[in-house]
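Just so you know, ligand 1 is whichever comes first in the structure, and atom 1 is the first atom listed for that ligand.
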Amino acid sequence: MSNTTFTMIKPDAIEANNHGFILEKILASGFKIIAMKMVLLSKYQAKKFYKIHDGKPFYKDLIDFITRGPVIVAVLNKKNAVEDFRSLIGATDPNKAENGTIRKLFAKSVGENAIHGSDSDDNAKIESSFHFSTNEIFNET
Ligand code: GTP
Ligand code: MG
């Protein structure tokens, strides 16, 4: 069990000016932000980040969506971070997400679902180092 995870607030949430509310909810849930920045992903970066979904029917829509405006990427620190953060964001499809979760509150659809959270400790490490160099991440506590 690791104590870090990676998150990305997606373009739909930023367009709707919900990123402040979302960050507030993350912090209020006990996560520390140990790295954060706003970036516009290139198609190349997006394809690399979502390589696992290459070939799926929604792949092109996903790449177009995630590159249509800036995202906020961040590394988060908390005990049991990956699992707790997945619980906080809720199911991929907001219609299936539990009340009070970030996707229930802020996501529009399964495609435009406001936020990403790593699904394993290994992926948290891979995704964090995709966006941040080691010296951009504050020491874990
Ligand atoms: P992430 O935290 O973003 O990785 O979401 P997830 O782990 O809950 O879902 P998954 O990794 O299976 O899918 C990655 C992303 O692809 C989702 O968050 C959606 O943005 C998008 N996606 C997944 N399934 C669909 C779908 O059926 N249609 C569309 N349009 N997009 C989808
Ligand atoms: Mg995923």
Query - Side-chain donor-acceptor contact under 3.5 Å, Asp122 with Ser120 - result: no
Report task. Taking the side chain as every heavy atom from C-beta outward, state whether Glu98 and Lys104 have any pair of such atoms under 4.5 Å apart. Result -> no
Report task. With sequence neighbours excluded, give me every ring-ring contact (aromatic ring centres under 6.0 Å, His included) pair touching residues 62-112. Result -> Phe31-Phe85
Query - For Asp84, salt bridge (charged side-chain N to carboxylate O under 4.0 Å, His left out) partners two or more places apart - result: Lys78
Query - Asn113 side chain vs Ala107 backbone, donor-acceptor pair below 3.5 Å - result: no
Requested in this report: Enumerate the protein residues lying less than 4.0 Å from ligand 1, judged by heavy-atom distances, in chain and residue-number order.
Outcome: Lys10, Tyr50, His53, Phe58, Leu62, Arg86, Thr92, Arg103, Val110, Gly111, Asn113, His116, Gly117
Report task. Just grab all the salt bridge (charged side-chain N to carboxylate O under 4.0 Å, His left out) pairs involving residues 41-59, residues at least two apart or on different chains. Result -> Lys43-Asp64
